[in-house]
> 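The structure that follows is given in the form of structure tokens.
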Amino acid sequence: MSDVSEVSDASEVARTWVPSRDEDAALVTGRGAFLDDLDPLPGTLVATVVRSTRPHARLRSVDLSRARAHPGVAAVIGPDEVRAALRPFPLSTGAVMPYLPTGVDKVRFVGEPIAVVVASDRYVAEDAAELVAVEYDDLGAVTAARAALEPDAPLLHEDAGSNVATDRTFSFGPVEERFRDAAHVVTGRYDFPRYSSVPMECYSVIAQWNEGDTGPSVEAWANFHGPFSMVPVMAGALGIPTSRVRLHVPADIGGSFGIKAGIYPYVVLMALASKHSGTPVRWAEDRVEHLMASSTGADRAMTFSAAVDADGTVTALRTDLIDNVGAYLRPPEPSTLYRCYGNITGPYRIDAVEIRARAVVTNTMPTGLNRGFGGQQLYFGLERLMDAVAAATGLDVVEVRRRNLVSAFPHETATGGVYDSGDYAAALDLAVKNADLAELERRREAARAEGAFYGIGTALVVDPSGTNIGYVGLATPAEDRKPGRDKSGSTEHVRMSVDLQGIVTVLLGSVPQGQGHATVARKVAAQRLGLPIAQVRAVVDMDTATTPWTVTSGSYSSRFAPLVTSAVVAAADTIAATVKAAGATLLEGADPGELTLLDGKVVHPDGRSVAFRHAAGVVHWDPASLPDGVPARLYAEAEFSPRETRAATADDRINSSLCYGFVAEIVAVRIDPDTLEIEVDRVSSVHDAGTVLDQTLLDGQVYGALVHGLGGAAYEQFTHADSGQPTAATFLDYLCPTSAEAGFDLRTDHVVTPSPLTPLGAKGCGEGSSMSFPVAYANAVADALAPRGIDITRLPLHGEVLHQLLTEKENS
């Protein structure tokens, strides 16, 4: 638990200004260390991937002979080599849907790998790839979640007997009774789109297969952002121990926000290509490959129902969630269904909940992590439902939310989540104030008087951070979980050391993608050790053979602020104890317990002091002078492993994250009555991320998440023709927002309720608006179109969609 002094220390961290992020100078001067800038192994050849042109087909034959004979080609591997050497990736459920890095019996989505060509350079490899001859027997395709459930839907995995990869139902509290007694039952059916993070840098891998005296091993470099639970998944597919897989991640990754966790099948595939070529192999994905066959967030078809009292109190919630996970249940899926399990009721006091959670496979690229993982989908349904509750009860949309807010903390949800801290009403009030809601309402009335469209949308979301990986167990019924094989935890490790000149090095295992982890880690360590920040350095590149890590490590689920910084604090405190003991030997007669570290010195209450570096020098140069029991060691490997994140219980309850922040967002939109173009007029966004560690970096996360949410709300969507062919595989068809679309009136603010579960009181804030903005935008558009009697049930929303909705209404 935090005490007042610890929270005060954290506030001091936030006030320690650094002119720029540590990461910026190298990036803006072209000195970044991206994987394409690295050449770690001599004799590396280049690979290209031959991909399926069909959404669903049996592989009648794959002829590699002409490609193998092409000059400059070192190896070509296809289904036969993959089938012989690799095991299907371990899955988190018992679904009979084996997944390998290439199709072997048939292909199940356009872009699925079939073969790999390794050659002297990319040009030769691409030319040879065109010589791979594939014969298909076409099969019917299905691309939508609800369509995959139909009895006559094509089966992707015949041995499974169904396209349903997992189907679980959960019930907590008197759901039936509450719905029976309700004054109102409000139901909505919604669809959330499939979209991605679209990183600037696509996937990149260098892999080498080594045949050693004690067995094979694989060493690979990849712009992989974690989670490192994928390392045992890779080892399992390769059939080698985890200790024989060494993975390097460069210091710089050109964006990810979840998508690059899906690179691991290619690490395995390139390792196998290296085995056959006898050389290291390099592969870099191009943009079309990425948009066609990398990874996306799951699209979700869902039904939400609320039992509501006459005064607008929601007494029970029913959800039916159907996630389209693509052609395979690729790990970590079906986690999109469960990442927000503990906060499925959002910020509302709803103690009776029923959930049906299904994942279905379709002839589309497999899904995985994407910013806001599971949260965008959940809150689109829940916050559209709250608007429907307001309409059914005649209440204002803000008021109906206010009446249902959680008001006392800690708060335990029906599904087992424990909200650690918050002041949701204060955040909502601040969002309303900053939005100048009365003025926006006047704009709406004026627009409607002119026959134009103007709408205001509200969304409130609980923002989970520090994921408890134990939620993956929920996909398996409790009676089928193996005793002693539970999963839980949100552990992070760091390693800290002090050299003989007093320079502190912090080695992180969090694998950032631009968030500024090095900057904040330095600030936290410097403040904790009483040092000028110039005396601390941070290292963020990953080597699984030397960097401390666990299967939960990685940059995902806003883990850095609550977890990694907590491990930095623990390591710094261990270092501080040794430095104080060493300082006491120089301050003869001093008690280490009464010494403080301040301004680069070890300070005695009587005013005497010695330099931090001199105290550190004692440990290096004169360890025999240290008091008995004081280790001559100035390095510390520390972990933060909170006990609040335990495994799922026998009745399927779990605290699925350590910390729970909050976002209150109000969005106003103006719609041109002639072109139906939607313009965002104003956004008021208030966040509670606990103690603010760095205001500039926090604001950057808020802005980035908001624009990411704008992409899914208004522009980005992976679409498919009826045949199953993708129709958004280039930037001509897959549209991303730019600075031009983000130039609206944005008003951001913060409420601070420190978490009692982290030493600095910090929670995560990397995803908040990516979850709240899409539904706030949808609510605003729905409000604008309300006079026409049009309901909004899906995203994205743009002029073409509005034209379709208005036309359908006029013709109905």
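One-based numbering along the sequence shown. Quantities reported herein were computed from a predicted structural model and do not represent experimental measurements.
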> What are the two closest non-hydrogen atoms of Ala148 and Val142, and how far apart are they?
N-CG2, 3.6 Å

> Using the test side-chain contact (heavy atoms from CB on, under 4.5 Å), find all partners of Glu808 that sit at least two apart in sequence or belong to another chain.
Gln804, Leu805

> Would you mind reporting whether Ile678 and Arg670 have side-chain heavy atoms less than 4.5 Å apart?
no

> Begin from the C-alpha positions of Val175 and Leu317 and carry the test side chain to side chain contact (heavy atoms under 4.5 Å, CB included) through to its verdict.
CA-CA 7 Å; Val175 177; Leu317 178 70; over 6 Å; no

> Determine whether Asp299 and Gln717 make a side-chain contact, defined as any pair of heavy atoms from C-beta on separated by less than 4.5 Å.
no

> Quick one: side chains of residues 451-463, donor-acceptor pairs under 3.5 Å with protein atoms, not counting sequence neighbours, listed by atom name and distance.
residue: Tyr454; atom: OH; partner: Asp681; partner atom: OD2; Å: 2.6
residue: Asp463; atom: OD2; partner: Gly768; partner atom: N; Å: 3.4

> Can you list the steps and then say if Thr315 with Asp309 is a side-chain hydrogen bond (donor to acceptor under 3.5 Å, both in side chains)?
CA-CA 7 Å; Thr315 62; Asp309 283 349; 4.5 Å; no

> Which pairs count as ring pair (Phe, Tyr, Trp, His ring centres under 6.0 Å) when at least one residue sits in residues 338-369, sequence neighbours excluded?
Phe170-Tyr341

> Check the pair Asp311, Thr313 against side-chain hydrogen bond (donor to acceptor under 3.5 Å, both in side chains), reporting the backbone distance first and the verdict last.
CA-CA 6 Å; Asp311 66 355; Thr313 301; 3.0 Å; yes

> List the atom pairs, with distances to 0.1 Å, where a side-chain N or O of residues 181-193 and a protein N or O form a donor-acceptor pair under 3.5 Å, not counting sequence neighbours.
residue: Thr187; atom: OG1; partner: Ser305; partner atom: OG; Å: 2.9
residue: Asp191; atom: OD1; partner: Arg146; partner atom: NH1; Å: 2.7
residue: Asp191; atom: OD2; partner: Arg146; partner atom: NH1; Å: 3.3

> Thr738 and Glu741: side-chain donor and acceptor closer than 3.5 Å?
yes

> Ser684 and Ala431: which non-hydrogen atoms are nearest, and at how many Å?
OG-O, 2.8 Å

> Quick one: which residue pairs count as a ring pair (Phe, Tyr, Trp, His ring centres under 6.0 Å) with a foot in residues 397-446, not counting sequence neighbours?
Phe409-Tyr424, His411-Tyr419, Tyr419-Tyr660, Tyr424-Phe662

> Are the side chain of Asn324 and the backbone of Arg300 linked by a donor-acceptor contact shorter than 3.5 Å?
no

> For Tyr734 together with Phe718, are the ring centres under 6.0 Å from each other?
yes

> Can you name the closest pair of heavy atoms from Lys809 and Gly789 and give their distance?
NZ-O, 3.2 Å

> What residues form a salt bridge (charged side-chain N to carboxylate O under 4.0 Å, His left out) with Arg318, not counting sequence neighbours?
Glu176, Glu354

> Do Leu321 and Phe304 touch side chain to side chain, with heavy atoms closer than 4.5 Å?
yes

> How would you list, by chain and number, every residue that makes a side-chain contact (heavy atoms from CB on, under 4.5 Å) with Arg356, sequence neighbours excluded?
Asp167, Thr169, Asp320, Arg358

> Could I get the full list of salt bridge (charged side-chain N to carboxylate O under 4.0 Å, His left out) partners for Glu412, not counting sequence neighbours?
Arg653

> Could you work out, with side-chain contact (heavy atoms from CB on, under 4.5 Å) as the rule, every residue matching Asp387, not counting sequence neighbours?
Arg384, Val397, Arg401, Asn779

> Using a cut-off of 6.0 Å, state whether more than 12 heavy atoms not belonging to Glu677 lie near its atom CD.
no

> I need the Glu800 CD to His803 NE2 distance, nearest 0.5 Å.
8.5 Å

> With the threshold set at 4.0 Å, does a side-chain nitrogen-carboxylate oxygen contact exist between Arg287 and Glu201?
no

> Rounded to the nearest 0.5 Å, what separates atom CG in Leu430 from atom CZ in Arg747?
12.0 Å

> Return each pair, listed once, that meets ring pair (Phe, Tyr, Trp, His ring centres under 6.0 Å) where at least one residue sits in residues 675-695; pairs must be two or more places apart or across chains.
none

> Show the numbers, then the answer: is there a side chain to side chain contact (heavy atoms under 4.5 Å, CB included) between Gln376 and Asn370?
CA-CA 10 Å; Gln376 311 108 312; Asn370 189 29; 3.9 Å; yes

> Side chain to side chain contact (heavy atoms under 4.5 Å, CB included), that's the test. Do Ile355 and Ile344 meet it? Break it down for me.
CA-CA 9 Å; Ile355 307 163; Ile344 199 163; 3.7 Å; yes

> Does the distance from a Lys or Arg side-chain N to an Asp or Glu carboxylate O, for Arg194 and Glu716, drop under 4.0 Å?
no

> Please tell me if the side chains of Cys736 and Phe731 come closer than 4.5 Å, counting only heavy atoms from C-beta onward.
yes

> Answer whether the closest heavy-atom distance between the side chains of Asp699 and Thr696 falls below 4.5 Å.
no

> Who are the ring-ring contact (aromatic ring centres under 6.0 Å, His included) partners of His225, not counting sequence neighbours?
none

> Does the pair Arg402/Glu399 count as a salt bridge with the N-to-O cut at 4.0 Å?
yes

> Do Val683 and Ile666 have side chains that approach each other closer than 4.5 Å (heavy atoms only, starting at C-beta)?
no

> Does Phe560 form a side chain to side chain contact (heavy atoms under 4.5 Å, CB included) with His517? I'd like the steps, not just the answer.
CA-CA 7 Å; Phe560 178 80; His517 289 183; 3.4 Å; yes

> Is there side-chain contact between Val325 and Pro366, with at least one heavy-atom pair below 4.5 Å?
no

> Check this for me: Asp722, atom CG, are more than 12 non-hydrogen atoms of other residues, nucleotides or ligands nearer than 6.0 Å?
no

> Can you find a side-chain donor-acceptor pair between Thr753 and Asp423 that sits under 3.5 Å?
no

> What residues, two or more places apart in sequence or in another chain, satisfy side-chain contact (heavy atoms from CB on, under 4.5 Å) together with His720?
Thr143, Thr364, Pro726

> Measure the spacing between OG of Ser685 and CG of Asp749 and express it to the nearest 0.5 Å.
9.5 Å

> Between Cys340 and Gly374, which heavy-atom pair has the shortest distance, and what is it?
SG-C, 4.0 Å

> Can you see which heavy atom on Gly766 is nearest to which on Ser558, and at what distance?
N-OG, 3.2 Å

> Give the intermediate values and the outcome of side-chain hydrogen bond (donor to acceptor under 3.5 Å, both in side chains) for residues Thr719 and Thr727.
CA-CA 5 Å; Thr719 54; Thr727 54; 2.6 Å; yes

> Could you tell me whether the side chain of Asp783 reaches within less than 4.5 Å of the side chain of Arg444, counting heavy atoms only?
yes

> Do Asp420 and Ser755 meet the criterion of a side-chain donor-acceptor pair at a distance under 3.5 Å?
yes

> Can a salt bridge be assigned to the pair Asp351 and Arg349 using a cut-off of 4.0 Å between side-chain N and carboxylate O?
no

> Taking it one step at a time, do Gln695 and His750 satisfy side-chain hydrogen bond (donor to acceptor under 3.5 Å, both in side chains)?
CA-CA 10 Å; Gln695 188 69 58; His750 301 276; 3.1 Å; yes

> If I compare all heavy atoms of Gly342 with all of Thr413, which pair ends up nearest, and what's the gap?
O-OG1, 2.8 Å

